[in-house]
Amino acid sequence: MITTDIQLIKAHLEQGEVVGIPTETVYGLAANIYDDQAIAKIFSTKGRPNTNPLIVHVKSMEQVRTLVAEFPPKAELLAKRFWPGAMTLILPKSELISPAITSNQSTVAIRMPKHSTTLELLETLDFPLAAPSANPYNRISPTRAEHVEAYFPNIPILEGGACEAGVESTILSFDGDEVALLRHGAISIEEIEAEVGRILDRTSSESVHLAPGRSKKHYSPLCELIISYEPLFMLSAVQDKKVGILWFNEVKIASSKVAINHILAPSGSFKEAAANMYDALHQLEKSGVDLIIVERLPNYNLGRTINDRLERAAAK
Ligand code: AMP
Ligand code: MG
């Protein structure tokens, strides 16, 4: 059920239910952080292993201070600069945070989402919301209320339109004065380094449980997907398959072997490409193609984030 009624969503959350909420990144599957049974429902609904911790969504800096044991100066600087926004900070947790949320770690992932409807919802609640993305484990992330409803027809979903950023948040951790990137996201390395100088890249570190968004296979359509700088070269090896090509900003060369040519961002902007990426994958999957070939983007700025997601969607 998709609704615009914030009070109704509030009532479900207060009864310990899981609901769909819009954010600027992707839709979330949200529950009261102080209700361990509700938190357990998030994991069971998604089919997510309970070793994969959740992100806590807050309405204010005051609320954050109750949830963390420490707020390193660089973390606070980044929060002030980028919140509300698509940046998740990993911080030492206070005793208010249940180990069910953090998968027994001493740190908690926190962000303030930049979506007016969800900020209004958070404002009416006495508790923050834990919310991972509202997709079954490893499937394509949802960027519209309809995507969430198709996955979970029985949960109430707060309507918030199409997600503006369209890719998950950037995740950062702090080690003394060092800032480390754990997951590429909607805020680019370039934007972050402009504020705090060079940051460490820990996106390919082996401790996958620290950020399941980094597990090799993720964000995947049901059909096969490959990513390449040369989609038509990949096509030459394909036989007897219904193929869709997802081009970056234009159809470079047309081929009669292709059933669907889909353009990600006619303007050529990375922001537009990010906003459209998951919706394009949902559409191509729904069209019944056997194989999606995606044109790889230039590897800087948000192009890096989009390539990261598409590589994981392509992983077997
Ligand atoms: P999702 O909301 O589905 O994008 O998943 C939440 C992301 O936050 C996952 O990649 C988590 O591993 C990451 N995360 C949550 N808590 C922590 C933590 N304490 N340390 C590192 N990563 C975390
Ligand atoms: Mg996710």
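The first residue of the sequence shown is numbered 1, and numbering continues consecutively from there.
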Legend entry - Polar side-chain atom of K257 near backbone of V243 as donor-acceptor pair, under 3.5 Å: no
Inset, instruction - Output yes when D308 and R312 qualify as a salt bridge under the 4.0 Å nitrogen-oxygen rule, no when they do not. - result: yes
Legend entry - CG on D240 to CG on L291, rounded to 0.5 Å: 12.5 Å
Legend entry - Minimal non-hydrogen separation, A38 against V18, with atom names: O-CG2, 3.7 Å
Inset, instruction - Give me the one residue out of I90, I97, L54 that meets side chain to side chain contact (heavy atoms under 4.5 Å, CB included) with T102. - result: I97
Inset, instruction - Could you state whether L222 and Y137 fall into the same hydrophobic cluster, counting links through intermediate Ile, Leu, Val, Met, Phe, Trp or Tyr residues with side-chain heavy atoms under 4.5 angstrom apart? - result: no
Inset, instruction - Can you measure from CD (E70) to OG (S94) and round to the nearest 0.5 angstrom? - result: 12.5 Å
Inset, instruction - Would you mind reporting whether P156 and I9 have side-chain heavy atoms less than 4.5 Å apart? - result: yes
Inset, instruction - For the residue pair L182 and L172, establish whether any side-chain heavy-atom pair is separated by less than 4.5 Å. - result: no
Legend entry - Salt bridge present between E195 and K74 (N-O < 4.0 angstrom): no
Inset, instruction - Would you check if the side chain of Q37 reaches a backbone N or O of G16 as a donor-acceptor pair within less than 3.5 Å? - result: no
Legend entry - Donor-acceptor contact present, side-chain E190 to main-chain N301, <3.5 Å: yes
Inset, instruction - Could you check R111 against I55 for side-chain contact (heavy atoms from CB on, under 4.5 Å), going step by step and ending with a plain yes or no? - result: CA-CA 7 Å; R111 84 177 189 99; I55 296 175; 4.2 Å; yes
Legend entry - Residue pair H147 / N135, side-chain donor-acceptor N/O under 3.5 Å: no
Inset, instruction - Carefully, step by step, assess R81 and E191 under the rule salt bridge (charged side-chain N to carboxylate O under 4.0 Å, His left out). - result: CA-CA 10 Å; R81 164 69 180 81; E191 285 174 273; 5.1 Å; no
Inset, instruction - Answer with yes or no whether the hydrophobic clustering places I189 together with I306; edges join I, L, V, M, F, W, Y residues whose side-chain heavy atoms lie under 4.5 Å apart. - result: yes
Inset, instruction - Examine distances only and state if a side-chain atom of N276 and a backbone atom of L264 form a donor-acceptor pair shorter than 3.5 Å. - result: yes
Inset, instruction - For the residue pair V68 and K93, establish whether any side-chain heavy-atom pair is separated by less than 4.5 Å. - result: no
Legend entry - ILVMFWY cluster, L125 and L158 together (side-chain gap under 4.5 Å): yes
Inset, instruction - Ignoring hydrogens and angles, tell me if any N or O in the side chain of H262 forms a donor-acceptor pair with the backbone of L284 under 3.5 Å. - result: no
Inset, instruction - Would you check if M277 and R309 make a side-chain contact, meaning some heavy-atom pair closer than 4.5 Å? - result: yes
Inset, instruction - List the steps, then state whether side-chain contact (heavy atoms from CB on, under 4.5 Å) holds for I192 with I187. - result: CA-CA 7 Å; I192 297 164; I187 295 176; 3.9 Å; yes
Legend entry - From L281 atom CG to L225 atom CG, the distance as rounded to the nearest 0.5 Å: 6.5 Å
Legend entry - Derivation and outcome, side-chain contact (heavy atoms from CB on, under 4.5 Å), residues D175 and R202: CA-CA 12 Å; D175 188 355; R202 296 230 174 101; 4.1 Å; yes
Legend entry - Evaluation steps, salt bridge (charged side-chain N to carboxylate O under 4.0 Å, His left out), between K241 and E224: CA-CA 10 Å; K241 279 188 180 163; E224 189 186 352; 3.0 Å; yes
Legend entry - Min side-chain heavy-atom separation S98-I33 under 4.5 Å: no
Inset, instruction - Test side-chain contact (heavy atoms from CB on, under 4.5 Å) on E295 and L246 and set out the steps. - result: CA-CA 6 Å; E295 182 181 17; L246 183 56; over 6 Å; no
Inset, instruction - Decide if atom OH of Y300 counts as having more than 12 heavy atoms of other residues, nucleotides or ligands within a radius under 6.0 Å. - result: no
Legend entry - Minimum heavy-atom distance between L96 and Y34, given as atom pair plus value: O-CE2, 3.6 Å
Inset, instruction - Answer yes when R183 and E168 have at least one side-chain N-carboxylate O distance shorter than 4.0 Å, and no when they do not. - result: no
Inset, instruction - Can you measure from CD1 (I39) to OG (S44) and round to the nearest 0.5 angstrom? - result: 11.0 Å
Legend entry - K59, NZ atom: more than 12 neighbouring heavy atoms under 6.0 Å: yes
Legend entry - Rounded distance (nearest 0.5 Å) linking atom CZ of F248 with atom CZ of F270: 5.0 Å
Legend entry - Flag side-chain contact, heavy atom, 4.5 Å: N138 against Y219: no
Inset, instruction - Of all the heavy-atom pairs spanning P132 and K46, show the shortest one and how long it is. - result: CG-CD, 3.5 Å
Inset, instruction - Would you check if the side chain of R48 reaches a backbone N or O of N52 as a donor-acceptor pair within less than 3.5 Å? - result: yes
Inset, instruction - Using a 4.5 Å cut-off on heavy atoms from C-beta on, say whether the side chain of E272 contacts that of P266. - result: yes
Legend entry - Spatial distance of atom CG (L121) from atom CD (E123) [nearest 0.5 Å]: 10.0 Å
Inset, instruction - For D5 and T3, test the side chains for any donor-to-acceptor distance below 3.5 angstrom and give the result as yes or no. - result: no
Legend entry - 4.5 Å side-chain heavy-atom contact, V196 and L77: yes
Inset, instruction - Report, as yes or no, whether the 6.0 Å neighbourhood of atom NZ on K271 holds more than 12 heavy atoms from other residues, nucleotides or ligands. - result: no
Legend entry - Under-4.0 Å salt bridge between R296 and E311: yes
Legend entry - Heavy-atom pair with the smallest gap, counting every atom of L235 and S255: CD2-OG, 3.5 Å
Legend entry - H282 (side chain) donor-acceptor with S141 (main chain) under 3.5 angstrom: yes
Inset, instruction - Check whether M61 and L78 end up in the same hydrophobic cluster, where Ile, Leu, Val, Met, Phe, Trp and Tyr are linked by side-chain heavy atoms less than 4.5 Å apart. - result: yes
Inset, instruction - Count the heavy atoms of every other residue, nucleotide or ligand shown that sit under 6.0 Å from CD of Q283, and state whether that count exceeds 12. - result: yes
Inset, instruction - Write down the atom of P22, the atom of T117, and the distance for their closest heavy-atom approach. - result: CG-CB, 4.5 Å
Inset, instruction - Could you verify whether a donor N or O on one side chain and an acceptor N or O on the other, from T4 and E159, lie under 3.5 Å apart? - result: no
Inset, instruction - Looking only at non-hydrogen atoms, find the nearest pair between D36 and A100 and report the distance. - result: OD1-CB, 4.0 Å
Legend entry - Check: N307 side chain, G303 main-chain N or O, donor-acceptor pair, under 3.5 Å: yes
Inset, instruction - Answer yes or no: is there a donor N or O on one side and an acceptor on the other, between the side chain of Y151 and the main chain of I140, under 3.5 Å? - result: yes
